[in-house]
Asker: 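If you scroll down you'll find the structure; I have some questions about it.
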Amino acid sequence: MGRVQDKVVFITGVARGQGRAHALRLAEEGADIIGVDLCADIATNGYALATREDLDETVRQVEKLGRRIVARQADVREPGELREAVAAGAAELGGLDAVVAQAGICPLGTQDPQAFLDAVTVDFNGVVHAVQAALPHLRDGGSIVATGSVAGLLPGGTDNPANGFGGMGYAFAKRAVASFVHDLAATMAPRSIRANAVHPTNTNTAMLNSDPMYRVFRPDLESPTREDVLLAFPALNAMPVGFVEPEDIASLVLFLVSDESRFMTGLQLRVDAGAYVKNRPQQPPAL
Ligand SMILES: NC(=O)c1ccc[n+]([C@@H]2O[C@H](COP(=O)([O-])OP(=O)(O)OC[C@H]3O[C@@H](n4cnc5c(N)ncnc54)[C@H](O)[C@@H]3O)[C@@H](O)[C@H]2O)c1
């Protein structure tokens with residue numbers, strides 16, 4: 001038996017990156033998946049989002065593991081699209097045990113206020129919409145996992161002037177995710193439904209490996225390459241690594257979806273190679 005045997009898990013942003021890693025790790029441990037992804041670009045976001053081919057590849061890999069997946073294109077900014085996707089998936093797979101709300105964008109470096117709105121609408125509203133779509137189907141004892149970021153826990157992470165309105169929106173949205181999860185945990189506790197937030201540091205996905213992110217880490221260069229940023233990425237973390245892998249986040253998500261964590265709720269869990277403790281040292285008491 002797997003660690004999440006026969007559980008049904010709804011994942012947003014499932015086409016690639018961390019979303020795909022979560023789907024595969026959960027499927028390896030016996031889960032069936034309901035997955036959505038936008039499979040289109042957003043104008044203010046300075047790098048390409050996933051494609052239909054990426055989503056098809058996630059489907060292929062989950063099925064190769066012998067599990068079922070109901071996947072469709074849907075936008076987390078559109079509550080109706082998520083409601084339809086979850087209803088169809090839950091009907092086909094037999095209910096719902098968990099939600100992993102983690103679709104995201106990071107529209108850094110633009111001075112267009114629309115980038116603030118886009119970041120908040122995808123990265124925060126998208127989480128609330130996923131929970132809203134899931135709740136009518138979620139069994140008592142279920143699990144809600146939302147992905148924040150250490151950028152939401154560290155002052156000046158993405159919310160500094162160089163990152164413009166998009167960076168400000170990203171940090172704002174991730175702080176809101178942390179706060180929402182805290183209160184959601186209290187609200188859902190009478191049904192023994194748990195809610196926890198996962199906060200990754202730099203993670204080796206297309207979001208990190210993008211030109212706007214490279215410019216954040218190497219503001220001294222006009223067109224930094226990946227080679228240039230590999231020297232700069234480790235500055236964020238206390239451990240001597242520049243980034244973690246999507247599978248490192250998936251290990252925590254698997255634990256939070258499984259019953260091994262059945263009395264853990266309202267937590268803010270960092271997979272951050274020590275980024276938080278490095279950048280938020282404790283203050284000595286005032287004398
Ligand atoms: N990569 C990092 O360094 C890092 C660090 C901290 C937190 N995060 C967070 O991790 C989560 C996953 O990101 P990732 O690193 O896998 O990046 P990614 O860009 O590879 O994956 C994000 C996925 O979300 C999808 N998506 C974007 N907007 C959508 C929308 N409106 N509706 C549906 N799907 C949409 C994209 O198509 C893509 O498949 C995000 O919430 C991100 O903010 C990433």
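Both counts, for ligands and for their atoms, begin at 1 and track the order of listing.
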Asker: For the CZ atom on Phe255, are there more than 12 heavy atoms of other groups (residues, nucleotides or ligands in this structure) within a distance under 6.0 Å?
Answerer: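 Yes, enclosed.
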
Asker: Listing by chain and number, which residues have a heavy atom under 4.0 Å from ligand 1?
Answerer: Gly13, Arg16, Gly17, Gln18, Asp37, Leu38, Leu49, Ala50, Ala74, Asp75, Val76, Arg77, Gln102, Ala103, Gly104, Ile105, Val122, Thr147, Gly148, Ser149, Tyr170, Lys174, Pro200, Thr201, Asn202, Thr203, Thr205, Ala206, Met207, Leu208

Asker: Should the pair Asp211-Arg215 be classified as a salt bridge under the 4.0 Å nitrogen-to-oxygen rule?
Answerer: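 Judged by the 4.0 Å cut-off on N to carboxylate O distance, Asp211 and Arg215 do not form a salt bridge.
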
Asker: Counting heavy atoms not belonging to Glu227, are there more than 12 under 6.0 Å from its CD?
Answerer: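 No, the 6.0 Å shell around CD holds no more than 12 heavy atoms from other groups.
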
Asker: Please check: side-chain N/O of Ser261 versus main-chain N/O of Leu256, any donor-acceptor pairing under 3.5 Å?
Answerer: yes

Asker: Is it true that, when you exclude Arg262 itself, more than 12 heavy atoms of the residues, nucleotides or ligands shown sit nearer than 6.0 Å to its CZ?
Answerer: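 It does not: Arg262 CZ has 12 such atoms or fewer within range.
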
Asker: Other residues, nucleotides and ligands only: do more than 12 of their heavy atoms fall within 6.0 Å of CD on Gln111?
Answerer: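 For Gln111, atom CD is crowded (more than 12 foreign heavy atoms under 6.0 Å).
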
